[in-house]
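What you see is a predicted model, and the numbers here were worked out from it, not measured in a lab.
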There are 2 protein chains.
Amino acid sequence: MVDWKRSRKQVPITVLGVDRRVCPPDGRRSVLPGRVGTTTLDQVTTDTPRRQPTLDEVAERAGVSRSAASRVINNAPHVSRAKREAVLRAVDDLGYVPNATARALATRQAGSVVLAISGDDPAMFADPFFAEVVVGVNAVLEETDLELMLSLATSTRGQARLEQLLRTHQAGGVMLMSLHGDDPLAALAHQASVPVVFGGRPLNIEARYYVDADNRGGARLATEHLIASGRRKIATITGRIDEGAGIARLQGFQEALAVAGLDNSLVEPGDFSEDGGSTAMGRLLDRAPELDAVFIASDQMAIGALRTLARAGRTVPGDVAVIGFNDIPAARHTTPPLTTVNQPIEALGREMARMLLSLMSGDRPSPLILPTRLIHRESA
Amino acid sequence: MVDWKRSRKQVPITVLGVDRRVCPPDGRRSVLPGRVGTTTLDQVTTDTPRRQPTLDEVAERAGVSRSAASRVINNAPHVSRAKREAVLRAVDDLGYVPNATARALATRQAGSVVLAISGDDPAMFADPFFAEVVVGVNAVLEETDLELMLSLATSTRGQARLEQLLRTHQAGGVMLMSLHGDDPLAALAHQASVPVVFGGRPLNIEARYYVDADNRGGARLATEHLIASGRRKIATITGRIDEGAGIARLQGFQEALAVAGLDNSLVEPGDFSEDGGSTAMGRLLDRAPELDAVFIASDQMAIGALRTLARAGRTVPGDVAVIGFNDIPAARHTTPPLTTVNQPIEALGREMARMLLSLMSGDRPSPLILPTRLIHRESA
DNA sequence: ATGAAAGCGCTAACAA
DNA sequence: TTGTTAGCGCTTTCAT
């Protein structure tokens, strides 16, 4: 049995195509068809190093003109039954697949759309939120012929690339997510000559097409729940207030309290991060030791806050009730499990994609606000 | 007039910014900050009706031939300083950006690579694991001119699309993740005429290029830790054993026990899911009530197992020590916090991308196994 | 219904 | 160092 850990250091590469660092589980040497030089995957894996056939070849084989073949491929009218079948047969024989690039060039229609995530930190995408959005987007794109490109416009370089992507018409549309404050991407979107759909209502520009979650409604819901369960000294830890979601959640919180005639000024700024939540909770405890509930604009922050609360000797929900936002998986596993606001993330992705499609087909869809709902668990 | 919109059919928009499709969870209407539409994205972009300039236009403006211009754009040699500057100026004036599609067609080089995730359930991608991989991939792609396409080949339809994507040469290479058992994608990869890099060593095919985490080593590490801390009756809950990772983790577990001369037959099959872990733990408790430790092939399963253990009145780590695998975020928040094996997921993504790049440039890189490490927390 | 011909915007031989 | 000339593979008038 080979010791994997030893083989990890850099080793001179491939001798006759057989690699030193390959360690098959059975300990024997892989017997790969090795050779020196420029073997391509193609040669290795297929006996027939065949090029992809072109439309002309199909046409020739079928004994028709190229345009006839083209018509068949795109099942356009004006082709006799006989010819159509001949072409189809040729396609089958040759294994023809149209070259997407050539088609894109000729039609001036890119075969793809891009989902762009803005932000200052590339690692931001690691938030499961985006993964779920992607699943939604994919679900609707799957029904079309559009491919999905992902653009993490989190660095200057990334933004430049996104701009390039759009300007070069490599993509036929964009879904732009999580702009905050003075995001340069907003301007970029303006200049773009392709349809743009925003995920989350952008702040500084008047967006025409966006889909957003009802952040304000969700926050109000949460706060109302706190009020209904008898809490009276209710605080909040906000998200970044240069983001639409952050603002909306704060507004919802304040509205609910205002309506109930309670004090809504116990507001501590946070940044959506766990540590941010922890320290914000600390500040809150200093400012108002007697608080009995706190609405926190993200589960991550709530987790941090829970930690601070525990350290301060407060029980949850006994001494203070807490509600988070987002319903991340970890929220089920905190102590106590976190009551939180769920937003239909996958649906968000789906609707963005649908809206973009609609836009690309020449319609002018209306903005969309998706409902949020309260998930009762034990922390409030 | 923007070029992407064809039918400009007028649709009444948001009245006072309040959309009809807003549906707050409480059934009441969200009162959004409304205003009558003024500046719209559409109008803004309409101010700039310019078509993207072509290379010919640049050449003409600069008073040089198209090939000279082309040379400048691709900063190729054989261009006089004077001409070069003239072209550059023209580019600047006109705001020229080369058309990526045309270039791809001419060079027969797709400007993108694809990250494909295989699996039976589209929602699988929601696992934060993939998001982290994406971050890694993105990091290295960002340094190149390659765009990233995402392909969730989780349905028949999805797989067909991926195949299409590859055969049409829309993408210049693939990173293929999480094949299991008899995944049809493996065959597909063989036929593909583009370079393929696997994420995780595939099972049924002899892959030449892959990067994997040291699952076996990690499992051994975990098990050895259990042994070292005095546990003697050690069980495991496996992952799917039709996946490379599932198998490797089981092997590592058994190796460690064999080396220590302990019984390594206390094996319960799992499926990587929380519920699966929960029921598997139940079966384990039935089979061997006296067990004092369990190595679990995923944190999700470990969380389920923790639940079962708690219900059965066993304390962790008092009665039984448990170690998970993957180091998911939630592992920090279980009770008690979960000791687990961390794998460098982002690095996995980075290395896959690097390997693909290397492959695409004609090299023949060696497979790569990335180290895993034990994260000590309180459950073991 | 059918095919010839003219592009789409760029690159790459090949001459000059 | 230059410009000219063919393509890349497909779509799309426009005659026939």
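A:Arg89 has no carboxylate O lying under 4.0 Å from a charged side-chain N of A:Glu85, or vice versa, which leaves the two without a salt bridge.
Side-chain N/O atoms of A:Ser67 include none lying less than 4.0 angstrom from OP1 or OP2 on C:dG3. Of the side-chain N and O atoms in B:Ser65, none sit less than 4.0 angstrom from OP1 or OP2 of D:dT2. OP1 or OP2 of C:dT11 sits under 4.0 Å from a side-chain N or O of B:Asn74. Contact between the side-chain N/O atoms of A:Ser80 and the OP1/OP2 oxygens of C:dT2 is found at a separation under 4.0 Å. Remark: B:Thr101 is not in phosphate contact with C:dC10, judged by side-chain N or O atoms under 4.0 Å from OP1 or OP2.
The base of D:dG9 has none of its N or O atoms less than 3.5 Å from a complementary donor or acceptor on the side chain of B:Arg108.
The interatomic distance linking B:Ile73 (CD1) with C:dA12 (C1') rounds to 16 Å, in whole Å. One interatomic measurement links the two molecules: CZ of B:Arg66 to P of D:dC8, which rounds to 16 Å at whole-angstrom precision. In this structure, the CD atom of A:Glu57 is 9 Å from the P atom of D:dC10, given to the nearest Å.
Donor-acceptor pairing under 3.5 Å is recorded for the side chains of B:Glu142 and A:Ser155.
The listed nucleotides are D:dT11, C:dC10, D:dG3; the one nearest the side chain of B:Ala106 is C:dC10.
When each of B:His78 and B:Leu105 is assigned the nucleotide of DNA chain D with its nearest heavy atom, B:His78 is the one assigned upstream, toward the 5' end.
Within 4.0 Å (heavy atoms only), B:Pro98 reaches sugar-phosphate atoms of the nucleic acid but no base atom.
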